[in-house]
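Report on one structure; see the data block that follows.
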Protein chains: 2
Amino acid sequence: MAGPHTLAETERTVARRLAGLPIDHQSMAVTSNLFRAANAVRNYMEREVLTPSDLTWTAFVVLWVTWIWGPAETRMIASEAGISKATLSGVLNTLQARGLVTRRKDEQDGRLVVVALTPAGLRLIKRLFPKINAAEQEACRTLSAADQERTADCLRRMVEVTGKEPAEP
Amino acid sequence: MAGPHTLAETERTVARRLAGLPIDHQSMAVTSNLFRAANAVRNYMEREVLTPSDLTWTAFVVLWVTWIWGPAETRMIASEAGISKATLSGVLNTLQARGLVTRRKDEQDGRLVVVALTPAGLRLIKRLFPKINAAEQEACRTLSAADQERTADCLRRMVEVTGKEPAEP
DNA sequence: CGAAACTCGTTCGGCCCCGCATGATTTTCC
DNA sequence: GGAAAATCATGCGGGGCCGAACGAGTTTCG
């Protein structure tokens, strides 16, 4: 990520290259570091925790959501995991083939499919989640408690603002 | 993203479900909102700015990096864009087919490939970037200047901590 | 009751994404 | 000068990712 340039160097060069244009540099700094950080943390967790268990980040998230939200319909899992239903279908095929989740038709409503963890899936997520949380702690190591609280809050507000709104009849 | 639950509701449920486990909730709140926010902002920009021009987020980033860092080698563009060289190869194929970038062998070093914007590519990025910056401003709308500064700084620190380090012989 | 409208999950086509292997090129170091 | 090591971009295979189209199932309402 850092590549041949440091973060500070990169940001300086961009600012110089954009001199003269009427650009809001502050919000640009927030969003570009948002993407950088999300990528860096995600890669860090895959590298340190997930790859040894042959899991992708998305597969882990789906496993986690299924654990937290109990047996649940696919539409709900997709929403909580932040992926589309189409993507979830593929991920579930993979997880099901590895014997980590099961699919079952709902008896009341035949359109619904209920996803649940298998015992093996439950064992895996219980073993992996503490390691992921340790990695989260590591990623936030240099942030004070106040920093963490404020950062989480600011990120929440950004989600609220950009969350889907394309609906104005 | 928000799906059937609000952000606050989701976080409360997770906390209740994880009660008893020795989990650091604060860093979990930071990272989970980090991924949520990155997804939400990215989708927002694709929806509002990029899709009308038939560009993906990654293709836009590659175009932007090529603009900022002038004609440059692929390895450098990949690093700045936060993607692998392999991914960049594919993206460049797409952009080249649409006549937005050119590839040219370096004359000094035959291994290198220099990527440059075509006039059409330059026109496109110049037209799109102000709209992206407006979207960035919108995403940060509810954050004070101090919030923005502090958030950007915290995100930078998270990048530093998790940035690739797998080198200890 | 029964047709129309709606909801749900899956498939499909196209792109992004990566690690790895490969071939081309340059540099290092006898 | 020439073999070995290093560097670079690309192709490939497997998977994630989405919108759109589809078929099966359910609800609405005349």
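On a predicted model such as this, the values are computed, not experimentally measured, just so you know. By convention in this document, chain letters (A, B, ...) are assigned in the order of the sequence lines, proteins followed by strands, and residues within each chain are numbered from 1.
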Verify the contact: side-chain N or O of [X] to OP1 or OP2 of [N], cut-off strictly under 4.0 Å; return yes or no.
{"X": "A:Arg103", "N": "C:dT10", "value": "yes"}
{"X": "A:Thr58", "N": "D:dG16", "value": "no"}
{"X": "A:Thr94", "N": "D:dG15", "value": "no"}
{"X": "A:Thr87", "N": "D:dC17", "value": "no"}
{"X": "B:Arg75", "N": "D:dC8", "value": "yes"}

[X] has an atom [atom1]; how far is it from atom [atom2] of [N], in whole Å?
{"X": "B:Trp57", "N": "C:dC17", "atom1": "CH2", "atom2": "C1'", "answer": "16 Å"}
{"X": "A:Leu50", "N": "D:dG15", "atom1": "CG", "atom2": "C1'", "answer": "14 Å"}
{"X": "B:Glu46", "N": "C:dC15", "atom1": "CD", "atom2": "P", "answer": "14 Å"}

| message | Need one value for A:Ser89: base, sugar-phosphate or nothing, where a base atom within 4.0 Å counts as base even if backbone is also close, heavy atoms only. | response | base
| said: Need one value for A:Gln108: base, sugar-phosphate or nothing, where a base atom within 4.0 Å counts as base even if backbone is also close, heavy atoms only. | reply: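 Answer is sugar-phosphate: A:Gln108 comes under 4.0 Å of backbone atoms only.
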| said: Pairing donors with acceptors under 3.5 angstrom, does anything connect the side chains of B:Asn93 and B:Arg98? | reply: no
| task | Might you work through the side chain to side chain donor-acceptor pair (under 3.5 Å) test for B:Ser27 and A:Gln137, ending with a clear yes or no? | result | CA-CA 5 Å; B:Ser27 63; A:Gln137 254 179 290; 5.3 Å; no
| field | From D:dA9, D:dG11, D:dC18, nucleotide with atom closest to A:Ile83 side chain | value | D:dC18
| Side-chain donor or acceptor of A:Ser53 paired with backbone N/O of A:Leu50 under 3.5 Å |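 Looks like no, no N/O pair under 3.5 Å.
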| Between A:Ser84 (side chain) and A:Thr87 (backbone), is there a donor-acceptor pair under 3.5 Å? | yes
